[in-house]
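Quick notes on the structure that follows.
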Amino acid sequence: VQLQAFGGGLVQPGGFLRLSCAASGITFSRYIMGWFRQRPGKEREFVAAIRWSSSTDYADTVKGRFTISRDNAKNTVYLQMNSLKPEDTAVYYCAASLRYGVVLTSQYDYWGQGTKFTVSS
């Protein structure tokens with residue numbers, strides 16, 4: 001199983017960025033796909049998740065600014081991030097789960113390596 005996240009870099013405040021995560025070795029359409037992030041000095045935290053039905057969940061800190069989506073034909077999950085703030089600076093991880101819950105790291109079976117971006121002027 002491999003989850004590869006792409007899209008990190010440097011973005012100015014108020015800017016936008018899209019992260020991608022390509023999965024292999026799993027039946028992608030069956031999995032809940034999530035994005036987590038780990039900000040400097042903080043624990044890994046939930047950002048967003050999308051179920052096989054395409055229903056979504058978001059952390060309050062990103063609701064209205066971030067959009068998670070999936071393309072089952074490409075085995076890829078995306079995170080569109082708009083109105084970025086310096087506090088969004090983090091390493092972002094994608095993860096895959098067959099369990100019911102979506103917000104806890106323990107509910108995910110597979111993790112990608114993380115991609116980092118910085119929001120700074």
Side-chain angles (χ1 to χ4, degrees):
V1 177
Q2 193 170 25
L3 302 178
Q4 284 193 299
F6 303 94
L10 176 64
V11 185
Q12 291 189 340
F16 61 91
L17 194 68
R18 188 174 82 157
L19 303 181
S20 303
C21 174
S24 59
I26 60 173
T27 305
F28 181 79
S29 60
R30 294 182 57 200
Y31 280 75
I32 296 170
M33 298 301 297
W35 286 98
F36 286 73
R37 67 185 180 188
Q38 190 159 13
R39 293 183 278 186
K42 304 286 188 180
E43 293 188 353
R44 197 171 298 189
E45 62 181 1
F46 171 75
V47 174
I50 185 166
R51 297 176 181 78
W52 50 85
S53 62
S54 293
S55 65
T56 57
D57 284 285
Y58 295 93
D60 289 342
T61 51
V62 306
K63 200 172 293 183
R65 299 189 297 123
F66 290 12
T67 302
I68 188 171
S69 61
R70 65 191 298 160
D71 185 337
N72 289 338
K74 295 182 178 180
N75 287 0
T76 300
V77 60
Y78 305 97
L79 186 67
Q80 177 68 43
M81 303 176 291
N82 299 327
S83 302
L84 285 165
K85 305 175 182 179
E87 51 265 41
D88 294 319
T89 295
V91 178
Y92 283 70
Y93 298 88
C94 61
S97 171
L98 282 176
R99 305 166 201 258
Y100 182 74
V102 300
V103 301
L104 300 179
T105 57
S106 59
Q107 290 165 329
Y108 288 79
D109 303 295
Y110 304 107
W111 290 86
Q113 84 286 3
T115 185
K116 180 179 180 180
F117 75 86
T118 300
V119 183
S120 175
S121 55

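Start at 1 with the first residue, then count along the sequence. Quick caveat, the model's predicted, so the values are computed rather than measured.
- Rounding to the nearest 0.5 Å gives a distance of 11.0 Å between OG1 of Thr115 and CD of Gln4.
- Arg18 is linked by a salt bridge (Lys or Arg N to Asp or Glu O under 4.0 Å) to nothing, counting only residues two or more places apart in sequence or in another chain.
- No donor-acceptor pair under 3.5 Å is formed between the side chain of Gln38 and the backbone N or O of Ala90.
- A donor-acceptor pair under 3.5 Å links the side-chain atoms of Arg70 to the main chain of Phe28, judged by distance alone.
- The shortest heavy-atom contact between Leu3 and Ala95 is CD1-CA, 3.8 Å.
- Counting all heavy atoms, side chain and backbone alike, Ala96 lies closest to Tyr31 at CB-CD2, 3.6 Å.
- The main-chain N or O of Thr61 is found under 3.5 Å from a side-chain atom of Arg65 such that the two form a donor-acceptor pair.
- Looking only at distances, a side-chain donor or acceptor of Tyr58 sits under 3.5 Å from a matching main-chain atom of Ile68.
- Residues Val91 and Val119 do not share a hydrophobic cluster, clusters being chains of Ile/Leu/Val/Met/Phe/Trp/Tyr side chains in contact below 4.5 Å.
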Could you walk me through whether Leu19 and Arg37 satisfy the side-chain contact (heavy atoms from CB on, under 4.5 Å) test, starting with their C-alpha distance in whole Å, then the side-chain angles of each, then the deciding distance to 0.1 Å, before giving a yes or no? CA-CA 12 Å; Leu19 303 181; Arg37 67 185 180 188; over 6 Å; no
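- Both Leu79 and Val11 are assigned to one and the same hydrophobic cluster, defined by single-linkage of ILVMFWY side chains at heavy-atom distances under 4.5 Å.
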So Thr105 and Tyr93, side-chain contact (heavy atoms from CB on, under 4.5 Å) or not? Walk me through it. CA-CA 11 Å; Thr105 57; Tyr93 298 88; over 6 Å; no
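- Remark: the backbone N or O of Leu98 is paired with a side-chain donor or acceptor of Asp109 at under 3.5 angstrom.
- Looking only at distances, a side-chain donor or acceptor of Thr76 sits under 3.5 Å from a matching main-chain atom of Lys74.
- Remark: Gln2 CD to Ile26 CD1 distance equals 11.0 Å, nearest 0.5 Å.
- Side chain of Ser97 to backbone of Gln107: a donor-acceptor contact under 3.5 angstrom is found.
- Between Cys21 and Trp35 there is a side-chain heavy-atom pair separated by less than 4.5 Å.
- Contact check for Val103 versus Phe36: no side-chain heavy atoms found under the 4.5 Å cut-off.
- Linking ILVMFWY residues whenever their side-chain heavy atoms come closer than 4.5 Å, directly or via other members, places Val47 and Leu17 in the same cluster.
- Two residues are said to be in side-chain contact when any heavy atoms from C-beta on lie closer than 4.5 Å; Phe46 and Asp57 meet this criterion.
- Follow the hydrophobic side-chain contacts under 4.5 Å out from Tyr92 and you reach Leu84 in the same cluster.
- Taking the side chain as every heavy atom from C-beta outward, Ile32 and Arg99 never approach each other to under 4.5 Å.
- Taking a cutoff of 4.0 Å between a charged side-chain nitrogen and a carboxylate oxygen, Asp60 and Lys63 qualify as a salt bridge.
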Hey, mind stepping through Leu10 and Ser120 against side-chain contact (heavy atoms from CB on, under 4.5 Å) and telling me if it holds? CA-CA 7 Å; Leu10 176 64; Ser120 175; 4.2 Å; yes
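- Counting heavy atoms of neighbouring residues, nucleotides and ligands inside a 6.0 Å radius, atom CD of Glu43 does not exceed 12 of them.
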